[in-house]
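Below: the structure, in structure tokens.
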Amino acid sequence: MSTNDALAGVLHEMSRMIELLGEDQFRANAHARASRAVSSLSEDVRSLVKEKERLLAVDGIGKKMADKIEEYVATGRIGEHEELRSRVPAGLLDVMSIPGLGPKTVRAMWTTLGIEDIPGLRKAIDDGSLVTLPRMGEKAVAKIKESLALASQGDERVALGLAAPLAWVIVERLRAHKHVARAEAAGSLRRGKETVGDLDFVVALKKGSEKHASEIGELVSSMAGVSNVIAGGPTRTSMRIALAPGSKRTIQVDVRVVPLACFGAALLYFTGSKDHSIALRTHAQKRGLTLNEWGLFEEKAWRKYHATREAHDDDLSDVPDSLAGAEENDVYRALELVPIPPEVREAQREFDVKKTPRLVEVGDIRCELHAHTNASDGVLSLEQLIREAARRGFHTIAVTDHSQSSTIANGLKPDRLRRHIEAIREANETLGKKLKIRVLAGSEVDILADGRLDYDDELLAMLDIVVASPHAALSQDGTLATKRLVRAASHPLVHILGHPTGRLINRRKGLDPDMGEVIAAAKEHGTALEINAHWMRLDLRDTHVRAAVDAGCDITIDCDVHALEDFDNLAFGVATGRRGWLTPERCVNTWDAAAVAKWLKTKRP
DNA sequence: GCCGTTTTCGGCCCGACTGTTTTCAGTCG
């Protein structure tokens, strides 16, 4: 785990413990906010504490928080954290992590029944003592029991690439309904986060169809794979659905229904992030306005409406006129803000921009620079690969099979690579010319544990393109990893540093180098850093991309193609790039053929 | 504990839904 993630975890825990102790809620919120700010930092806190002003410039980090962060970096602990821990039973945090159980309820369990952990909670359910708590009835206990059963099957966030296909199916189903005017997936999926906790959908009904709101929730909750419906109101339905047909793994799905005039405001709010939404609402509040999922309103007008709303709460047709609400961008403009793309809505500097950034888009991508054939561990023949790349309109396809050390991946020994180069050059002359696509002879060469490359320089120099990636020794020490990657990024024949950390989302932590140093080396030597678009990798990750973009590095977005469908992972790589504020100019794959060729030459003798 | 185009003190986003209540507290996103 990176230092940033570890620190964020400590701050989050502090926030939860402050809540459990029933102390100042705003202090708890401040710690939670600081935790989120730290986890979305593009820089390692270890370097940030050296320049305190820049640490203090981070939204949500003030003087006291900066001191705690400094203490953590210096000693690996925060005294106040340990003091809190001594006052709160460790198992109580597990209890509070059960959906439906918040700080007030868990505190009551603790102080009146002596419950200190999940076994204690189970016991209190069984012996009937739990139901004696205030505001605790049979239904509430049943819900807790259900949550307990669910919690044991694991609640880790779902990789973007596993959740997205289900989201697409649901959006299509919603859009096909006769009363639906618009439907979009929102939440962290829309923001392109590498993992998502749940799926959010915003649906607008056609004018005159407002009475049919309740049909929409039923439309989704009647889908195959729905295991239980958690809540179902006229405008909001929550349920759990199997991630794939037959899969035991489920994900929470929330569907919100709004009138068409409110669609933008609802989409804005349910896209988040939480901190971005809070910043917008605070901004509105200072202007005597109120922003909610129904639109942007004069505060007085909204209050008057809302006070009378209960009488007709299943009727969505009478929301008062808003200052903005139909489109997200209208809301930003009405607040005198620049519209912000979803992927960078993190309340981290996006409100400082003077105009909407033009971030890289899938349609900008014009070449693929990292692809395997059946010469190593791909399933496509050279011809199939070239045809598919051409079919997708690419001007260049790089054939980069594995190098000799990757024996499991059938890596090529030097002799075999020489013959492979000839075959690729031949294909470039024949099929490439015919399909108007340039075929590059390349290699994804292993970066050995000490930073040396897996072929000698003479052989590397014969290749049109070299992607250098780590594949083994992925649990080595951070300092060694930094040296290793810096050495590879500084190599005069390397064009691209491929999936630099080697992490696999939810499965393998990968290397933990000082990315600041790696980025600096890449910048100095004109080496591009790869965003590997496979949803299991997304490596560089979003925060690394942002640091690299800030440093002025070139970035590639590569599908690391092994099979036809891998080309479709591009959207995930692009989303990660966008989260890192990547513009087309800095993204090599958006350049025209001549510019890419010229760039490749700069790294050849 | 953070923060400032009202403020260095005194605020702190806002609504839906549930289950428990006869008017609301707690949780969630």
Side-chain angles (χ1 to χ4, degrees), chain A residues 11 14-15 18-19 22-37 56-69 80 96-109 131 133-144 147 186-188 196-202 213 217 229-238 252-258 262 265-266 268-297 299 302-303 305-307 309-310 313-314 316 319 336 347:
Chain A
L11 293 174
M14 289 177 74
S15 162
I18 293 165
E19 285 183 311
E23 295 179 358
D24 185 2
Q25 181 61 46
F26 298 109
R27 200 174 136 244
N29 288 349
H31 281 78
R33 171 87 211 276
S35 165
R36 294 191 296 268
L56 286 166
V58 176
D59 286 331
I61 296 179
K63 173 124 188 12
K64 286 189 179 175
M65 207 62 80
D67 287 344
K68 288 177 205 185
I69 293 172
E80 192 185 332
M96 197 162 54
S97 71
I98 294 168
L101 294 185
K104 301 275 171 61
T105 311
V106 176
R107 181 170 165 73
M109 290 176 180
V131 78
L133 282 180
R135 306 193 65 84
M136 184 66 67
E138 295 299 336
K139 272 188 169 175
V141 173
K143 266 203 155 176
I144 293 170
S147 295
S188 45
V196 301
D198 57 14
L199 297 176
D200 297 291
F201 299 89
V202 179
V229 179
I230 301 159
T235 66
R236 202 176 134 176
T237 308
S238 294
Q252 179 161 334
V253 171
D254 298 320
V255 181
R256 273 88 174 191
V257 184
V258 298
C262 305
L268 179 62
Y269 178 50
F270 294 117
T271 297
S273 68
K274 181 190 178 79
D275 290 322
H276 185 86
S277 293
I278 289 175
L280 288 178
R281 289 181 175 204
T282 307
H283 192 80
Q285 193 188 39
K286 281 179 190 145
R287 286 153 193 259
L289 308 174
T290 188
L291 175 63
N292 54 43
E293 55 265 53
W294 307 98
L296 180 67
F297 303 91
E299 204 179 331
W302 176 261
R303 235 188 285 162
Y305 164 74
H306 195 249
R309 195 174 138 69
E310 265 175 320
D313 66 352
D314 58 346
L316 300 174
V319 174
E336 295 174 66

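Order of the sequence lines fixes the chain letters, A, B, ..., with proteins taken first and strands second; residue numbering starts at 1 for each chain. All heavy atoms count here, side chains included; hydrogens, waters and symmetry mates do not.
For dG29(B), the paired nucleotide is dC14(B), the pair qualifying as Watson-Crick or G-U wobble because both relevant distances are below 3.5 Å.
Atom pair M136(A):CE and dG19(B):P shows a separation of 12 Å (rounding to whole Å applied). Whole-Å rounding puts the R33(A) CZ to dG11(B) P distance at 21 Å. A straight line from CZ of R27(A) to C1' of dG11(B) spans 18 Å, rounded to a whole angstrom. The nearest whole Å value for the distance from the CD atom in E19(A) to the P atom in dG1(B) is 15 Å. Rounded to a whole Å, the CD atom of Q285(A) is 16 Å from the P atom of dT7(B). For K143(A) and dG26(B), the NZ to C1' distance is 12 Å, given to the nearest whole Å. Put simply, CG on D275(A) is 17 Å from P on dC12(B), counting in whole angstrom units. Look at CG on L268(A): it is 15 Å from P on dG15(B), rounded to the nearest Å.
Closest approach to the N292(A) side chain among dG15(B), dC13(B), dG1(B) is made by dG15(B) (side chain taken as heavy atoms from C-beta onward). Closest to the side chain of D200(A), from the set dC13(B), dG29(B), dG15(B), is dG29(B). Which of dC13(B), dG29(B), dG26(B) sits closest to the side chain of D198(A) comes down to dG29(B). Among dG15(B), dG1(B), dG29(B), the nucleotide with an atom closest to any side-chain atom of R256(A) is dG29(B). Closest contact between the side chain of R236(A) and the listed nucleotides dC2(B), dT7(B), dG15(B) involves dG15(B).
dC28(B) and dT23(B): their P atoms are spaced 26 Å apart (whole Å). Across dC13(B) and dC2(B), the matching C1' atoms stand 15 Å from one another, rounded to whole Å.
Under the stacking definition used here (centres under 5.5 Å, planes under 30°), the residue F26(A) qualifies as stacked on the base of dC12(B).
For a distance-only test at 3.5 Å, the side chain of R135(A) qualifies as a donor-acceptor partner of the base of dC24(B). Scanning atom types as modelled, one donor and one acceptor separated by under 3.5 angstrom connect the side chain of R281(A) and the base of dC14(B). Side-chain N/O atoms of Y269(A) and base N/O atoms of dG29(B) include a donor-acceptor pair closer than 3.5 Å.
Contact between the side-chain N/O atoms of T235(A) and the OP1/OP2 oxygens of dC17(B) is found at a separation under 4.0 Å. In this structure, W294(A) does not reach the dC14(B) phosphate: none of its side-chain N or O atoms is under 4.0 Å from OP1 or OP2. Taking side-chain N and O atoms only, T105(A) has a distance below 4.0 Å to OP1 or OP2 of dT27(B). In this structure, K64(A) reaches the dG1(B) phosphate: one of its side-chain N or O atoms is under 4.0 Å from OP1 or OP2. Under 4.0 angstrom from either OP1 or OP2 of dC14(B) there lies no side-chain N or O belonging to W302(A). Side-chain nitrogen and oxygen atoms of Q252(A) include none within less than 4.0 Å of the OP1 or OP2 phosphate oxygen of dC28(B). Put simply, K68(A) has a side-chain N or O that comes within less than 4.0 Å of OP1 or OP2 on dG1(B). For T290(A), a side-chain nitrogen or oxygen approaches OP1 or OP2 of dC14(B) to under 4.0 Å.
Residue order along DNA chain B, read from the 5' end via each residue's closest nucleotide, puts K139(A) first among V106(A) and K139(A). Checking G100(A) against E293(A), the closest nucleotide of DNA chain B that is more toward the 5' end is the one next to E293(A).
Cation-pi geometry between R256(A) and F201(A) is not met at under 6.0 angstrom from the ring centre and within 45 degrees of the axis.
In this structure, the side chain of S147(A) engages the main chain of K143(A) through a donor-acceptor pair within 3.5 Å. Using a distance-only test at 3.5 Å, with no hydrogens or angles considered, a donor-acceptor pair links the side chain of N292(A) to the main chain of G295(A). Between the side chain of T282(A) and the backbone N or O of I278(A) there is at least one donor-acceptor pair closer than 3.5 Å. Panel note: side chain S15(A), backbone A28(A); a donor-acceptor pair is recorded below 3.5 Å.
For the side-chain hydrogen bond (donor to acceptor under 3.5 Å, both in side chains) with H283(A), the lone residue among Q285(A), R281(A), R287(A), K286(A) that qualifies is R287(A).
Within 4.0 Å of D59(A), counting heavy atoms only, lie sugar-phosphate atoms of the nucleic acid but no base atom. Using a 4.0 Å heavy-atom distance criterion, P103(A) is classed as a sugar-phosphate-only contact.
Residue L291(A) holds its CG atom at 9.5 Å from OH of Y269(A), rounded to the nearest 0.5 Å.
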